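By convention in this document, chain letters (A, B, ...) are assigned in the order of the sequence lines, proteins followed by strands, and residues within each chain are numbered from 1. A quick note: this is a predicted structure, and the numbers were derived from the prediction, not measured.
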Amino acid sequence: SAVISQKPSRDICQRGTSLTIQCQVDSQVTMMFWYRQQPGQSLTLIATANQGSEATYESGFVIDKFPISRPNLTFSTLTVSNMSPEDSSIYLCSVEGMNEQFFGPGTRLTVL
Amino acid sequence: AQRVTQPEKLLSVFKGAPVELKCNYSYSGSPELFWYVQYSRQRLQLLLRHISRESIKGFTADLNKGETSFHLKKPFAQEEDSAMYYCALSGPRGSTLGRLYFGRGTQLTVWP
């Protein structure tokens with residue numbers, strides 16, 4: 001199995017600012033996924049990040065709002081830019097391995 | 001379009017009673033179906049997948065392609081089963097699973 005850590009675990013931010021979330025995996029993985037879980041809602045995929053290529057964004061998500069970096073096979077960052085209260089969510093990093101996806105503990109973001 | 005429907009947001013049963021968490025899906029093809037579980041203060045983790053046809057912690061789930069359902073069942077619920085359960089699907093397995101589509105989740109509470 002893959003062990004995933006995320007930083008920060010939670011944050012409270014002012015609108016208009018940006019927050020970068022880090023995801024670290026204990027093994028090399030090809031595909032990393034970023035999900036969002038808004039209050040009372042299901043998990044929604046933001047983008048898929050493969051090392052060495054641009055991230056692939058899902059409908060409704062754009063690179064200017066959610067820039068992603070994937071500098072190597074064990075690390076990725078997701079930035080939530082120009083935040084508004086609607087961005088208040090849990091953001092989850094996920095990786096694939098051994099016929100399943102493993103999830104990080106999540107980053108709980110509150111935007112005031 | 002891909003869709004996973006969990007009609008019950010909340011489900012409560014007494015200890016020892018049978019429990020069934022419903023999941024219906026729509027997918028133009030042969031998807032892979034999963035149940036993920038999130039216990040209080042823990043990260044999301046895989047409970048079982050249809051392709052394995054396994055029983056985990058007493059839970060089973062049968063894929064019914066005719067009814068496009070993948071309901072999760074346990075004959076005798078335990079208090080430690082209280083958690084949030086998510087049904088999810090991915091496309092047919094190739095070299096990778098790819099992204100997951102999640103239902104909104106069902107919060108199961110098992111009363112003593």
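Interface remark: of the candidates S94(A), G106(A), G104(A), G104(A) forms the most heavy-atom pairs closer than 4.5 Å to chain B.
Heavy atoms from other residues, nucleotides or ligands lying under 6.0 Å from CZ of F76(B) number 12 at most. Within 6.0 Å of CZ in R104(B) there are more than 12 heavy atoms belonging to other residues, nucleotides or ligands. No more than 12 heavy atoms of other residues, nucleotides or ligands shown are found within 6.0 angstrom of NZ on K73(B).
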TODO: Could you go through the side-chain contact (heavy atoms from CB on, under 4.5 Å) check for I4(A) and R43(B) one step at a time?
DONE: CA-CA 10 Å; I4(A) 304 169; R43(B) 66 185 66 193; 4.1 Å; yes

Open item on the list: F102(B) vs Q41(A), test: side-chain contact (heavy atoms from CB on, under 4.5 Å). Steps then yes/no.
Closed with: CA-CA 10 Å; F102(B) 284 89; Q41(A) 304 295 318; over 6 Å; no

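Of all the heavy atoms in Y35(A) and L100(B), the pair that sits closest is OH-N, 3.1 Å.
In terms of hydrophobic clustering, with Ile, Leu, Val, Met, Phe, Trp and Tyr side chains grouped at heavy-atom distances under 4.5 Å, V80(A) and F61(A) are assigned to a common cluster. In the hydrophobic clustering of ILVMFWY residues, with side-chain heavy atoms under 4.5 Å counting as a link, W34(A) and F102(A) come out apart. Grouping the Ile, Leu, Val, Met, Phe, Trp and Tyr side chains by contacts below 4.5 angstrom, directly or via other members, places Y39(B) with I56(B).
With 3.5 Å as the limit, one finds no donor-acceptor pair spanning the side chains of Y36(B) and E100(A).
With rounding to the nearest 0.5 Å, the separation of OH in Y101(B) from CG in L45(A) is 8.0 Å.
Counting heavy atoms from C-beta on, the side chains of E58(A) and R99(B) come closer than 4.5 Å.
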